[in-house]
Amino acid sequence: MKYDHKQMEKKWQDKWEETGVFHASNTSEKPKYYALIEFPYPSGQGLHVGHPRSYTALDIVARKRRLQGYNVLYPIGWDAFGLPTENFAIKNHVHPAEVTKKNIARFKQQLQSLGISFDWSREINTTDPEYYKWTQWIFLQLFKHGLAYKKEMAVNWCTSCKCVLANEEVVNGVCERCGHEVVRKVKSQWMLKITEYAQRLIDDLDLVDYPDRVKAQQINWIGRSTGAEVDFKTTAGDTLTVYTTRPDTLYGATYMVVSPEHPLIEKWADSLGNLDEVRAYQAEAAKKSDFERTEVAKDKTGVRLNGVAAVNPVNGREIPIFISDYVLVSYGTGAIMAVPAHDTRDWEFAQKFGLPIIEVVKGGDVQKEAFTDCATGIMVNSGILDGLSVEEAKKKITEYLAEKGIGRPKVNFKLRDWVFSRQRYWGEPIPIVYCEKCGYVALPESELPLRLPQVKSYEPTDNGESPLAHMTDWVETTCPHCGGKARRETDTMPQWAGSSWYFLRYMDPHNGEAFAGKEALKYWAPVDWYNGGMEHTTLHLLYSRFWYKFLYDIGAVPTREPYAKRTSHGMILGENGEKMSKSRGNVVNPDEIVDEYGADTMRLYEMFIGDFEKAAPWSSAGIKGCRRFVERYWNLQNIVSTEKGVRKNLETSFHKTIKKVGEDIENLKYNTAIAAMMALLNEISDSGSVTKDELKIFTVLLNPFAPHVTEEVWEAQKLGGGLACQQEWPAYDEAKCKDASVEIAVQVNGKVRARLNVSADIAKEDAIAAAKAENKIAGEISDKKIVKEIYVPGKLVNIVAK
RNA sequence: GCCGCUGUGGUGAAAUUGGCAGACACAAGGGACUUAAAAUCCCUCGGUAGCAAUACCGUGCCGGUCCGAGUCCGGCCAGCGGCACCA
C-alpha cells in the first residue's frame, strides 16, 4: 500500500461533510466549546500560507475538544465588504458583489482542501443583506442610545482611497491599507463614542485570559492618564483651562501654550497686537498633515499672543501665552501650562524663546535639561508645597485647587471616538435620513435591511462624497418622523463594522427575528478561545469589545466580555526571512503544497515550523520531514502484529506522550507535541512491530493534526466503530509516566564527571553512595574534603569537595 | 523617548520550580541497497586538541547570587513589534 494523499484526502473531506460530523448543535447535553478564528477577507489573491497557521491551530483544539466529548462550535464566514474588492471592481467593470462571490468560492474550495473541521452549515457573509441587516440594527441601537453622532471635524483623509480613515487605520501618517499620504480634511462624519467605554475597556481586561502583550498594547492605545484641570484667569477677563499630569509643578509654570485651533484665540482676536502673525501661524499649522507635524517634531515653533496674558492662580504672577502646534487641540483642553524646568518639550520651547526656567522640584540641573523624575525630587520655590515629595505635592495641590474652586482632578484618555463614515460604495449603508425639520432620523427597524442600490459607477469622488450621493432616486426619500422631504445618508460603514459582531451571528446564523436568539446566546457566549493576528489588537479586537459591551448594556448579550481567551499566531515569512509579498517574489501558494505533499503534511509542517506565537520562515526543505513522518506512520500498517494491548517496554512512552501532546495543545506548543509523537513513532518503528491497540491510541492522538491519513488508517485497519474523529481522546496514568530506571549525572563541584543508571525511586543516601563508588568519582575526590552532597531526584548528584 | 518582546549549532528550534544545553526535524558528510538515479535504511554531525579514552571552551556582552545559571539579579549591546509633541 503506497501512501496516496490525493485520493484519500478528498474522500474524507466529502465524508465529513456528508455525515455532518462537525456541525454544532444548539441543543446538546454535552458541554459547549466555542473556538473561533478571525474570518478571512476573501481577497483576489486567494488563500495565503499564513491563513492555515491560525485555522489549523484552532482546528486541532476543536477536534481535540470533540474527542473529549464537547459540543464544539468552530465556524467560518467572510468579511467581504471592503476596498480591495471595490477597487478591483472599478478597474475591471464588474460589480463588487460578483467579485466577492468569485473570491469566496475560491477561498471555500481552498479551505476545504485543508480538512479544517469548520461547521459549513453556519457560514456567514457580511455583505449578505440578511447579515448586514443586523449590522445596521446594531448601529441604530447605538444611535438611539446617543453613542452614534454626527460631527463636523478634522478627519484623516486618504488621498488615494479618497476616503476617511479612523485613527486606528493611520500608520505613521500614511493609510494602513494603501500606504498613501493621509491629510487633514474637515468633514461631517458619523462617530461612535468608544471613549465612553475607555475605562471599562481597560478594567475588564482583568476578566479575560489574553496574552500580556495584547493587554499592554490595548491599555497603551487607550492611554489613560490622571492629573488635574487648572483654571487660569487671563487679562482679557476670561478663563483658560489647562490639563496637567503634574499639578505639583504649578509654581514653576512660566508661560502657557494653546493649540493653533483653540477657540479662545477668536475671542481674543481684537486685542491681539500681532494678529497677522498669529493668523499666518494658524494657516501654516492647518496646512500640515499629521505626518508633517510629527516629522518636524524636534524643532519647536510658535507665536506669542501679544496683548493677552494669563495669571498663575497660586502666585498671581502674570505669564505670557503662546500658540504652538506641539499642543494638540484634540487632547485634554487643547491648552497647557508650561513648566520648562520639569517637562522636556516645554524646556526646548523655553530655550528657543528665551523664557524663564524656574526649578520647583530639586534633584537635577534644570538649566542643562528638564528634570522629569517624579520618584526622588523634593518641592522647592513652591509656597505651600515646599519640602514635600512629588506625590505628596500632587495630592495637596489638587485638594487646594478644589477648595478654591479653580481646579479639579481629571482623567484623560488618548483614545479618540471612532470615525465611522466611509465615502465608498462597498460597505453597509448607514440607516439614517436627514430631514430639514427633524434633523438626523433613524430608519424604522422594519425597513432593514437598507440595501445597497445598484449604481452605474462605484468610482470614489474627488469632492469627498460617496458614490451613493449620485443616486438621486435612492437618496431622496421621506422623513420617517414627519413625512416630509428627506435625504438618505450616503456614506457607508467601515470594513470593521461587520466584523465587530460576526461571532454572535454564528451562534444562530439563520435567525430572522434577531441577530441571534437569546437561548443561543446564553448557550454559546462567550467565545472560549479566539485566535488571531496581533495587527488587530487596537482595531478589530478593541472595536468588537466595545460593541459587545454596548450590547451587554442594552441587555442583548449575556456576558461582559466577548472572548474568554485570546491567543495570537506569528506570521509565516518567506523562505528568505522577509514578509511574504508578491513584490518580493517569495509567496508560497498553499494549493501547490497541498497538491504535492497533501493537507496532512501541510498542517503538520505549519504546526511544527516553530514557536506558534513567533514569526517563522517557510522552508521547502523542512516540510519534507513532516511528509516522511506521515509516511512512516502510514507504513506502521505493514508491521501490525497479533499481540494485544500496549507492550510493556513501550507503556511509559505511550503514557508520557499522551500527557505531553494533550498539555502542549492547550499551551500552543504544537511544535513539541509533534516532536513527541515523532519520538514515539521512532520508538515503535525501532521495535519492529506495532499492536493494534498501540496503533489505535497513536491514531487518535495524531488525528487532530493529520485528520485524513488517520481516518484512512482507522478504516483500513478496522481499529473501531465510527470515524477516527468520533473516538475518545486517550487517557494517561500519571503513575505510568515515570521510567523505572533513570540515568543520572554525577557532578563534582558542578561539573559532570560520570553518568549512572539507577532505579527511579532510589534514596538520596544510596544515590550518593553509588556515585562515590564510581571509579572516576572516587579518584577525583579521594584527596579532597567533602563539603556538601546534593541529590536532585531523577536528575543528578553533585559532590562539592575542596 | 515610552511600553512590550527576542537573542541558543550550518538551519528551524527544544530545555516544569535554577539541575546532564542542543530533544525533534532540516541541511551536510559517510555507508548499505541499485546497472544508475530517486526513494528508503544505517552511521557521524556545537567548537578546539587528540588515533582514542578524554580534556578544555560554549546559550549576544560584562559583572553578581548559588553546590549548580540558557533560566534569577544588576549593567550594557543588537534586533523586532506597538505608541509617540498625549502635557
Side-chain angles (χ1 to χ4, degrees), chain A residues 171-172 211-221 223-225 227 242-247 249 257 259 293-294 296-300 324-328 330-339 342-346 348-349 372 412-416 534-535 537-538 570-571 577 604-605 608-611 613-626 628-629 631-632 635 663 669 671-682 685 742-756 776 787-802:
Chain A
V171 177
N172 294 327
D212 287 343
R213 56 184 175 147
V214 172
K215 289 189 184 182
Q217 215 168 294
Q218 288 205 343
I219 290 169
N220 223 322
W221 181 261
R224 183 181 199 269
S225 88
V242 301
Y243 171 69
T244 178
T245 54
R246 295 292 304 275
T249 62
V257 186
S259 71
R293 269 202 193 189
T294 51
V296 290
K298 290 141 235 147
D299 199 23
K300 299 271 179 296
S324 173
D325 62 7
Y326 86 88
V327 173
L328 309 172
S330 53
Y331 186 76
T333 62
I336 61 159
M337 63 173 205
V339 185
H342 305 290
D343 180 280
T344 315
R345 293 149 306 182
D346 297 345
E348 281 167 19
F349 191 88
T372 56
N412 264 317
F413 297 93
K414 288 190 210 170
L415 186 70
R416 299 273 78 87
M534 277 306 285
E535 70 276 16
T537 302
T538 54
M571 235 191 303
L604 279 163
Y605 178 61
F608 188 61
I609 196 165
D611 186 333
E613 296 186 276
K614 282 203 296 213
W618 184 268
S619 159
S620 46
I623 195 167
K624 291 191 180 123
C626 290
R628 284 182 198 138
F629 171 58
E631 286 185 25
R632 281 207 307 278
N635 290 336
E663 290 175 353
K669 305 203 124 202
N671 51 341
T672 48
I674 292 168
M677 287 189 285
M678 285 174 168
L680 178 59
L681 179 62
N682 289 344
S685 299
V742 287
E743 191 185 70
I744 61 167
V746 182
Q747 298 181 334
V748 177
N749 295 330
K751 294 204 171 184
V752 181
R753 284 291 178 259
R755 286 165 220 281
L756 213 54
K776 189 132 194 293
V787 183
K788 202 169 181 182
E789 292 164 337
I790 293 138
Y791 173 60
V792 183
K795 302 274 186 193
L796 56 70
V797 170
N798 187 14
I799 297 166
V800 186
K802 266 188 202 157

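Because the structure is predicted, anything quoted here is derived from the model rather than measured. Chain A is the first sequence line, chain B the second, and so forth, proteins listed ahead of strands; every chain is numbered from 1. All values below come from the heavy atoms of this structure, side chains included, with hydrogens, waters and symmetry mates left out.
Nucleotides G31(B) and A37(B) place their P atoms 12 Å apart, quoted to the nearest Å. Taking atom C1' on both nucleotides, G29(B) is separated from A13(B) by 22 Å, rounded to a whole Å. The separation of G75(B) from U11(B), taken at their P atoms, amounts to 31 Å, rounded to a whole angstrom. Atom P of G18(B) sits at a distance of 16 Å from the matching atom of G68(B), rounded to the whole Å. A distance of about 15 Å separates the P atoms of C62(B) and A69(B), rounded to the whole Å. Nucleotides G10(B) and A49(B) are separated by 15 Å at their P atoms, to the nearest Å. U8(B) and A15(B) have their C1' atoms separated by 10 Å, with the value rounded to a whole Å. When the P atom is compared between G60(B) and G70(B), the two are found 10 Å apart, to the nearest whole Å.
The side chain of Arg224(A) places no N or O atom within less than 4.0 Å of a non-bridging phosphate oxygen (OP1 or OP2) of C3(B). Within the structure, every side-chain polar atom (N or O) of Lys624(A) is placed at least 4.0 Å from both OP1 and OP2 of U40(B). Between U17(B) and Lys795(A), no contact under 4.0 Å exists linking OP1 or OP2 to a side-chain N or O. The side chain of Tyr326(A) contributes no N or O atom lying less than 4.0 Å from OP1 or OP2 of A87(B). Regarding contacts with the backbone of U40(B), a side-chain N or O of Arg628(A) is found under 4.0 angstrom from either OP1 or OP2. Regarding contacts with the backbone of A87(B), a side-chain N or O of Ser225(A) is found under 4.0 angstrom from either OP1 or OP2. For C67(B), one of the phosphate oxygens OP1 or OP2 lies less than 4.0 angstrom from a side-chain nitrogen or oxygen of Lys788(A).
Among the atoms of the strands shown, only primed sugar atoms or phosphate atoms (P, OP1, OP2) are found under 4.0 Å from some heavy atom of Asn671(A). Within the 4.0 angstrom heavy-atom criterion, only backbone atoms of the sugar-phosphate kind lie near Thr244(A); the bases stay farther away. Phe413(A) comes within 4.0 angstrom of no nucleic acid atom, judged by non-hydrogen atoms across all strands. Here Glu789(A) lies out of heavy-atom contact (under 4.0 Å) with every strand. If you check every strand for non-hydrogen atoms under 4.0 Å, Asp346(A) touches nothing. Here Ala616(A) lies out of heavy-atom contact (under 4.0 Å) with every strand. As judged by a 4.0 angstrom heavy-atom cut-off over every strand, Lys669(A) is placed among residues touching the sugar-phosphate backbone only. Nucleic acid contact for Ile609(A): sugar-phosphate only, since backbone atoms but no base atoms lie under 4.0 Å from a heavy atom of the residue. Residue Asn682(A) is in sugar-phosphate contact alone, with no base atom involved, counting any heavy-atom pair closer than 4.0 Å across all strands shown.
Look at CZ on Phe629(A): it is 15 Å from C1' on A23(B), rounded to the nearest Å. At whole-Å resolution of the value, CG in Asp343(A) and C1' in C2(B) are 14 Å apart. For Gln747(A) and C66(B), the CD to P distance is 17 Å, given to the nearest whole Å. Atom OH of Tyr243(A) and atom C1' of C85(B) are 16 Å apart (whole Å). Spacing between atom CG of Asp325(A) and atom P of A87(B) amounts to 17 Å, rounded to whole angstrom units. Atom CZ of Arg632(A) is separated from atom C1' of C26(B) by 13 Å (rounded to the nearest Å).
Panel note: side chain Asp343(A), backbone Thr372(A); no donor-acceptor pair is recorded below 3.5 Å. Proximity of a side-chain donor or acceptor of Arg213(A) to a complementary backbone N or O of Met534(A) within less than 3.5 Å is not detected. Listed for the Gln217(A) side chain is no donor-acceptor partner under 3.5 Å among the backbone atoms of Thr538(A). Judged by distance alone, the side chain of Tyr605(A) and the main-chain N or O of Ser620(A) form no donor-acceptor pair under 3.5 Å. Panel note: side chain Arg416(A), backbone Phe413(A); a donor-acceptor pair is recorded below 3.5 Å. In this structure, the side chain of Asn412(A) does not engage the main chain of Ser225(A) through any donor-acceptor pair within 3.5 Å.
Each of A87(B), A27(B), A15(B) was ranked by its minimum atom distance to the side chain of Thr672(A); first place goes to A15(B). Side-chain atoms of Ala679(A) lie closest to C24(B) of the nucleotides G82(B), C57(B), C24(B). Side chain of Lys614(A), nearest nucleotide from C85(B), G19(B), U6(B): U6(B). Comparing G19(B), A25(B), C24(B) against the side chain of Asn798(A) picks out G19(B) as the nearest. Across G19(B), A25(B), A55(B), the shortest atom-to-atom separation from the side chain of Arg753(A) is found for A55(B). Distance from the side chain of Trp221(A) is smallest to A84(B) among C56(B), A15(B), A84(B). Counting only heavy atoms from C-beta on, Ala675(A) has its side chain closest to A23(B) among G4(B), G19(B), A23(B). Set against C24(B), C67(B), A87(B), the side chain of Ile336(A) has A87(B) as its closest nucleotide. Looking at the side chain of Val792(A), the nearest of the listed nucleotides G19(B), C67(B), A87(B) is G19(B).
Base pairing annotation: C85(B) forms no Watson-Crick or G-U wobble pair, as no partner gives both donor-acceptor distances under 3.5 Å. When Watson-Crick and G-U wobble pairs are counted only if both distances are under 3.5 Å, G18(B) pairs with no nucleotide at all. Pair assignment for C33(B): none, as no Watson-Crick or G-U wobble contacts are both less than 3.5 Å. Across the strands present, U71(B) finds no partner; the criterion is a Watson-Crick or G-U wobble pair with both atom distances under 3.5 angstrom. Within the shown strands, G4(B) is the pairing partner of C80(B) under the Watson-Crick or G-U definition, both distances less than 3.5 Å. Under the Watson-Crick and G-U wobble criteria, each requiring two contacts below 3.5 Å, nucleotide C24(B) is paired to G12(B).
Considering CG of Asp346(A) and CZ of Arg246(A), their distance stands at 11.0 Å, rounded to 0.5 Å.
Judged by a 6.0 Å distance limit and a 45° cone about the ring axis, Lys300(A) is positioned over the six-membered ring of Tyr326(A).
Residues Gln747(A) and Ile790(A) form no side-chain contact, since every pair of their non-hydrogen atoms from C-beta on lies 4.5 Å or further apart. A 4.5 Å side-chain heavy-atom check between Arg224(A) and Ile219(A) finds every atom pair outside the cut-off.
Judged by closest nucleotide on RNA chain B, Val752(A) is the one of Lys414(A) and Val752(A) placed further toward the 5' end. Summary of the strand contacts: Glu663(A) and Ser619(A) both lie near RNA chain B, and taking for each the nucleotide with the nearest heavy atom, the more 5' one is attributed to Glu663(A).
Look at G9(B): its glycosidic torsion is within 90° of 0, and that puts it in the syn range.
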